[in-house]
Amino acid sequence: MECPCCGEYQAVRNVEPGMMARCVRCGFGLERRNLSSPIATPLALCISSAALYFATLMSSLMTLNLYGRQRAVELVTGPMELLHEGWGEVGVLVGLVTVLAPGVVITMMALILYAGGKEEMPDWAPHLLAWYEKLRPWSMMEVYILGIFVAYTKLVDLAYVEVGPAAYLIAALMVTMAATDQTLDKELIWRRRRVENTLQFSDGTRVAVERVSISDIQMPPVQNMLSCYSCGLVGAFEQPVPRTHVVGSCPRCGHKMRRRKPDSLNRTAALLLASLICYFPANIYPVMTVIKLGQGGGHTILGGVVELWQDGMIPLSILVLFASITVPVAKILGLAFMLFETYRGSSRGLMFRSKLFRVIDAIGRWSMIDVFMISILVAVVRFSSLANVTADGGVVCFAAVVVLTIFAAEAFDPRLMWDAAGKNGPAPAADPPVASRKSIRTVQNDGTEDRQGMEPASA
């Protein structure tokens with residue numbers, strides 16, 4: 001396997017149930033065997049997630065009672081109100097990550113588990129697995145539940161608030177979806193997929209594919225190897241392969257194979273610059289306006305943190321400060337630092353930088369707490385002259401910062417940090433021509449555990 005964080009190729013032997021194989025160089029988790037059933041357990045959790053998801057859509061999220069006037073809202077009310085106020089960008093974003101994305105990823109997971117239970121994975125399943133990996137981070141129910149909590153603390157001072165069943169259903173949905181991901185063993189599922197006998201190069205020509213075990217050969221030169229970014233299949237060519245150009249289609253999953261993400265550093269730098277430009281108006285301009293009995297005004301992100309602190313909700317104010325101010329700044333500075341060191345070809349702190357990237361990649365979504373909180377307040381506080389909450393332009397800039405930094409982390413290839421330091425073999429001055437047209441070897445384990453722990457095809 002190739003470590004997707006540092007680019008080190010290493011032979012992964014049999015991983016026992018309950019154990020995890022980590023990269024020998026950077027400590028990244030390469031493969032994990034669960035003690036539970038690899039198909040039945042995530043399938044049960046996926047069915048539970050589907051039931052909770054549909055129940056959430058049909059339940060009330062929150063009810064506000066102000067001087068005898070009541071207003072109940074549902075999960076879709078916040079995005080719709082943002083659209084009605086003219087903030088369609090934020091409304092669409094909130095609707096996508098809280099309403100559409102969870103349903104899509106649950107459906108995709110059910111289809112993936114159905115395909116994984118067959119003797120041989122169908123042709124459509126590899127594309128679902130690849131898209132699931134891309135779309136799963138955009139299902140942000142775990143972040144939304146914190147947005148509900150922050151909105152509730154702001155509403156209790158305004159009126160009587162009753163939390164609806166949808167809030168508890170979202171909390172349960174968060175748990176079941178996370179448990180589904182933890183119990184899913186993608187490697188065992190990929191082993192149900194056949195490897196084609198030929199590989200199609202980018203120019204349309206085909207070559208023979210020879211399947212070999214890593215225990216029967218010597219490790220090929222690093223510059224002659226590449227792994228599929230989708231399924232992880234490692235291929236060894238007779239000549240050095242291009243760094244970023246597409247070599248061909250993966251013989252197992254059909255996706256384009258290349259050693260590194262194309263134009264990674266420039267795309268990351270451009271996205272970081274755009275997020276930095278949006279960051280200042282996001283903190284200067286108000287993100288929402290709160291009016292009660294004709295009095296009130298605009299609220300900035302920092303002003304909301306100060307207000308929570310003054311109300312005695314110190315832990316919550318620290319949480320909002322961390323998620324809405326510290327995390328975006330840390331992501332921008334952290335990615336900028338990694339870009340600078342990579343451009344310099346520095347070998348200092350490679351382990352630290354790899355761990356920093358994994359942290360940045362994991363925490364990026366949590367900055368959406370304020371956006372979700374505003375969408376809830378805008379939906380529930382609609383009492384004309386008595387009390388009213390409207391969104392302001394600052395929330396658009398802040399949402400843009402969150403989305404752009406997520407895209408920047410996705411565009412950055414952490415293996416380039418190790419490449420620039422010369423840790424992954426010689427770096428060619430330019431991309432060499434496509435590898436030899438004679439043959440390609442797919443390097444795999446010895447296959448002794450291909451069916452270990454899998455249910456029969458009738459499961």
Side-chain angles (χ1 to χ4, degrees), residues 73 77-98 138 140 143-144 146-155 157-158 271-292 294-311 313 316-333 363-382 387-408:
V73 296
T77 309
M80 296 301 297
E81 290 294 342
L82 288 170
L83 286 170
H84 292 158
E85 289 188 7
W87 306 111
E89 306 89 345
V90 184
V92 171
L93 174 63
V94 174
L96 287 175
V97 301
T98 60
W138 294 97
M140 303 185 183
V143 186
Y144 191 76
L146 287 179
I148 295 174
F149 184 56
V150 176
Y152 176 81
T153 59
K154 289 182 175 292
L155 289 171
D157 292 335
L158 183 66
L271 289 165
L272 277 183
L273 179 60
S275 63
L276 183 63
I277 292 173
C278 294
Y279 180 78
F280 293 104
N283 286 272
I284 295 174
Y285 291 107
V287 293
M288 64 179 177
T289 299
V290 180
I291 302 296
K292 183 179 181 182
Q295 297 181 349
H299 287 228
T300 62
I301 295 176
L302 187 59
V305 173
V306 174
E307 182 179 337
L308 288 172
W309 184 282
Q310 292 175 345
D311 291 340
M313 302 175 185
L316 189 59
S317 67
I318 294 175
L319 172 65
V320 176
L321 175 67
F322 175 78
S324 300
I325 296 179
T326 306
V327 169
V329 173
K331 289 187 68 176
I332 294 173
L333 294 180
I363 65 175
R365 305 183 302 159
W366 294 93
S367 298
M368 287 290 292
I369 291 177
D370 263 328
V371 179
F372 292 150
M373 178 265 295
I374 293 170
S375 71
I376 296 170
L377 294 180
V378 166
V380 75
V381 186
R382 309 288 294 180
N388 199 28
V389 175
T390 57
D392 282 326
V395 70
V396 179
C397 297
F398 184 74
V401 172
V402 178
V403 173
L404 288 170
T405 51
I406 292 176
F407 283 150

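One-based numbering along the sequence shown. Worth saying up front: this structure is predicted, and the values here are computed from it rather than measured.
Judged by distance alone, the side chain of Trp87 and the main-chain N or O of Ala391 form a donor-acceptor pair under 3.5 Å. In this structure a side-chain-to-backbone donor-acceptor pair under 3.5 Å is present from Thr153 to Val150. Panel note: side chain Ser367, backbone Ala323; a donor-acceptor pair is recorded below 3.5 Å.
With rounding to the nearest 0.5 Å, the separation of CG in Leu333 from CG in Leu276 is 8.5 Å. The line from OH of Tyr152 to CG of Leu377 is 13.5 Å long, rounded to the nearest 0.5 Å. Rounding to the nearest 0.5 angstrom, the gap separating the CD1 atom in Ile284 from the CG atom in Leu302 is 11.5 Å. With rounding to the nearest 0.5 Å, the separation of CD in Glu81 from OG1 in Thr390 is 11.5 Å.
The side chain to side chain contact (heavy atoms under 4.5 Å, CB included) check on Ile406 picks up Trp138, Met140, Lys331, Arg365, Val402, with sequence neighbours excluded. In this view, Glu85 and Arg382 satisfy the salt bridge (Lys or Arg N to Asp or Glu O under 4.0 Å) rule, not counting sequence neighbours. For Thr98, there are no side-chain hydrogen bond (donor to acceptor under 3.5 Å, both in side chains) partners two or more places apart in sequence or in a different chain.
Nearest heavy-atom pair across Gly91 and Leu82 is CA-CB, 3.8 Å. Nearest approach of Val327 to Ile363, heavy atoms of both residues: CG1-O, 3.7 Å. Between Asp370 and Ser324, the shortest heavy-atom contact is OD2-OG, 2.5 Å. Among all heavy-atom pairs drawn from Trp366 and Ile369, the shortest one is O-CG1, 3.2 Å. Scanning all heavy atoms of the two residues, the minimum distance from Val73 to Ala379 falls at CG1-O, 3.4 Å. Nearest heavy-atom pair across Cys397 and Cys278 is CB-O, 3.6 Å.
Counting only heavy atoms from C-beta outward, the side chains of Val94 and Phe372 approach each other to under 4.5 Å.
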